[in-house]
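What follows is a single structure, written as structure tokens, with notes after it.
The model shown is predicted, which means the values in this text are computed figures rather than measured ones.
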Amino acid sequence: MIINIDRNGDLAKLKASILATESEVSVRSVMVLATETLSLNPGNFDNFLKGLSKPVFGGVFPQVLTELESISTGFIVAGLTQEVSTLILENISEEGTDFDQEFALPFQGKPVVDKTTFIFVDGMSKTIAPLLDATFNYFGLQSNYIGGGAGSANFTPIPCVITPKGILQDAALFAFADTISGVGVAHGWHPVSQPMKITESSYNSVQSIDWKPASEVYLDFIGNQEGEKGKSQLFEEIARSYPLGIVKVADELLVRDPVQTMNKSMICLGELPVNSFVYVLKGDAESLLAGTAKSRSIAENVFRETKSMVPGKQNTVTFFIDCITRAQFLGDKFTEELRIAAGETRLIGALSLGEIANSGHDYLEFYNKTSVVGIFEG
């Protein structure tokens, strides 16, 4: 894999880097991870992307990552030596979108077997959960999945999914790479409340919990936990430390990140279905770093098992997707998380608006505040 990193890049440098990477004979496809500060609007970027001869995919994120640092202004361009095919879904939040049909038409019943599927989706789209449900229903456990929600750190919708058709908003891109991988998922948060029932919700907006206004229930609980300190904090500061956890058939709760309040409702990154049970979660730097170590270990074990069945190249690269609010919570400890996630390998990745993963053994999910480590052939 050819990896180019720019810590002070602009649009001109990004285009030059993509062209240089694409021109390499060994490169079959190009992954682009760019920061939102580059302002990659469709007007000055779409025609360039459409003119490339090799598949390009990726996203715009609050920050991009290496094994040593997070980069707030710049980009990472990675040239993959493996064959990649792409599928682009646009306007995914439109009412009546049939995701099962969207998959059936291009693949005509042909499964994607033994691939690594990179998924980049607009993190502010409302229908990420049904999209991933349809993905899993169609492709099942035949592929490892890894990716994340692209977008802005202030949760304002922007064009953010980089595709061969241009940079898109409210869209999803699937890149099916002909490479083996190991993926691990863990978070390190733990429950501090009793289970509460979601009684009204619509997509990623929760109107009521236990038949009471959702934001009031949440803030009252935090007030009881934190006292006057909790009452004086901004919602964004509170939510950074107290995510929600959905009960799932898994060894960890599925984390949901409240990011805004609106008319006593809570807007979250990802859906909380009606009748699901949630806990308020809490963690500290130690527990979150332990979660990252767990996700690294899981990824290594899965990759080792898969590698034994498919002998060949030994070089590996780590692809790390971590939540922007998780990094904000860790603060100065975030560099330690990068070190743990990288292990002994080179690392690229992004701080996302939600993480997408499945290790080949579990259900495909959209996570928040969760560490997702992918190891794949370099």
Side-chain angles (χ1 to χ4, degrees), residues 31-50 55-62 86-106 117-138 145-176 201-206 256-260 262 265-273 321 323-325 350-356 364-368:
M31 179 192 294
V32 179
L33 307 173
T35 63
E36 62 177 303
T37 52
L38 295 184
S39 300
L40 303 180
N41 61 72
N44 59 18
F45 200 42
D46 280 8
N47 288 337
F48 171 79
L49 292 172
K50 292 174 183 177
V56 60
F57 63 94
V60 175
F61 297 92
T86 61
L87 172 65
I88 303 163
L89 303 182
E90 299 183 64
N91 303 314
I92 60 176
S93 296
E94 283 189 358
E95 292 287 342
T97 301
D98 186 343
F99 293 119
D100 292 320
Q101 186 73 5
E102 295 282 355
F103 290 125
L105 288 174
T117 303
F118 296 95
I119 304 176
F120 295 97
V121 62
D122 184 340
M124 296 306 294
S125 294
K126 296 179 179 179
T127 53
I128 296 174
L131 169 66
L132 296 184
D133 286 344
T135 302
F136 189 79
N137 289 340
Y138 192 83
Y145 307 87
I146 186 168
S152 170
N154 64 12
F155 308 110
T156 300
I158 60 171
C160 56
V161 181
I162 297 173
T163 81
K165 295 177 64 174
I167 182 166
L168 305 176
Q169 185 174 329
D170 193 32
L173 177 134
F174 295 76
F176 304 96
S201 68
S202 176
Y203 297 112
N204 61 339
S205 174
V206 181
R256 283 289 173 260
D257 206 357
V259 294
Q260 295 174 348
M262 188 178 297
S265 298
M266 289 196 302
I267 308 301
C268 299
L269 294 178
E271 293 188 282
L272 287 92
I321 296 291
C323 193
I324 177 63
T325 58
L351 293 180
S352 64
L353 276 63
E355 301 73 60
I356 296 170
L364 178 63
E365 295 283 8
F366 183 64
Y367 300 89
N368 298 160

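Every residue was checked against the side chain to side chain donor-acceptor pair (under 3.5 Å) condition with Asn47, not counting sequence neighbours, and none meets it. Residues forming a ring pair (Phe, Tyr, Trp, His ring centres under 6.0 Å) with Phe174 (at least two apart in sequence, or on another chain): Phe103. A search for side chain to side chain donor-acceptor pair (under 3.5 Å) contacts involving Lys165 returns Glu90, not counting sequence neighbours. In this structure, the side chain to side chain contact (heavy atoms under 4.5 Å, CB included) partners of Ala171, at least two apart in sequence or on a different chain, are Leu168. Contacts of Asp46 classified as side chain to side chain donor-acceptor pair (under 3.5 Å), with partners at least two apart in sequence or in another chain: none. For Phe45, the ring pair (Phe, Tyr, Trp, His ring centres under 6.0 Å) criterion is met by Phe48, not counting sequence neighbours. Residues satisfying the side chain to side chain donor-acceptor pair (under 3.5 Å) test with Thr135, not counting sequence neighbours, are none. Not counting sequence neighbours, the partners of Thr325 by the side chain to side chain contact (heavy atoms under 4.5 Å, CB included) test are Phe155, Asp257, Cys323, Gln328, Lys369. Every side chain to side chain contact (heavy atoms under 4.5 Å, CB included) that Asn44 has, sequence neighbours left out, goes to Leu11, Asn41. A search for side chain to side chain contact (heavy atoms under 4.5 Å, CB included) contacts involving Asn204 returns Lys126, Ile267, not counting sequence neighbours.
Identified under the salt bridge (Lys or Arg N to Asp or Glu O under 4.0 Å) test for residues 32-45, with sequence neighbours left out: none. Judged as a salt bridge (Lys or Arg N to Asp or Glu O under 4.0 Å), not a single pair has a partner in residues 151-163 (not counting sequence neighbours).
Leu89 is listed as a side-chain neighbour of Phe99, based on a closest heavy-atom distance under 4.5 Å. Between Thr117 and Tyr145, some side-chain heavy-atom pair lies under the 4.5 Å cut-off. You'll find the side chain of Leu173 stays beyond 4.5 Å of the side chain of Ile162, heavy atoms only. At least one side-chain heavy atom of Gln169 sits less than 4.5 Å from a side-chain heavy atom of Pro157. Residues Val60 and Leu38 are not in side-chain contact: their nearest non-hydrogen atoms beyond the backbone lie 4.5 Å or more apart. Contact annotation: the side chain of Met124 never approaches that of Ser152 to less than 4.5 Å [non-hydrogen atoms, C-beta and beyond].
We find the OG-CE distance between Ser205 and Met266 to be 9.0 Å, quoted to the nearest 0.5 Å. With rounding to the nearest 0.5 Å, the separation of CZ in Phe57 from CD1 in Ile88 is 12.0 Å. With values rounded to the nearest 0.5 angstrom, Ile158 atom CD1 is found 7.0 Å from Ile167 atom CD1. Here Ile92 contributes atom CD1 and Leu131 contributes atom CG; the two are 5.5 Å apart, rounded to the nearest 0.5 Å. Atom CD1 of Ile146 is separated from atom CD1 of Ile321 by 6.0 Å, given to the nearest 0.5 angstrom. The distance from atom CG of Asp133 to atom CD1 of Ile128, rounded to the nearest 0.5 Å, is 12.0 Å.
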Walk me through whether Leu87 and Phe176 qualify under side-chain contact (heavy atoms from CB on, under 4.5 Å). CA-CA 8 Å; Leu87 172 65; Phe176 304 96; 4.1 Å; yes

Stepwise side-chain contact (heavy atoms from CB on, under 4.5 Å) check, Thr163 with Leu49: CA-CA 7 Å; Thr163 81; Leu49 292 172; 5.9 Å; no

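Although no hydrogens or angles enter the test, the distance criterion places no donor-acceptor pair under 3.5 Å between the side chain of Ser125 and the main chain of Thr127.
Nearest heavy atom pair, residue Cys160 against residue Ala150, reads O-CB, 3.5 Å. For the residue pair Leu272 and Ser201, the shortest heavy atom distance occurs at O-OG, 2.8 Å. Leu269 and Gly354 get closest at one heavy-atom pair: CD1-N, 4.4 Å. Taking every heavy atom of both residues into account, Leu351 and Pro62 meet most closely at O-CD, 3.0 Å.
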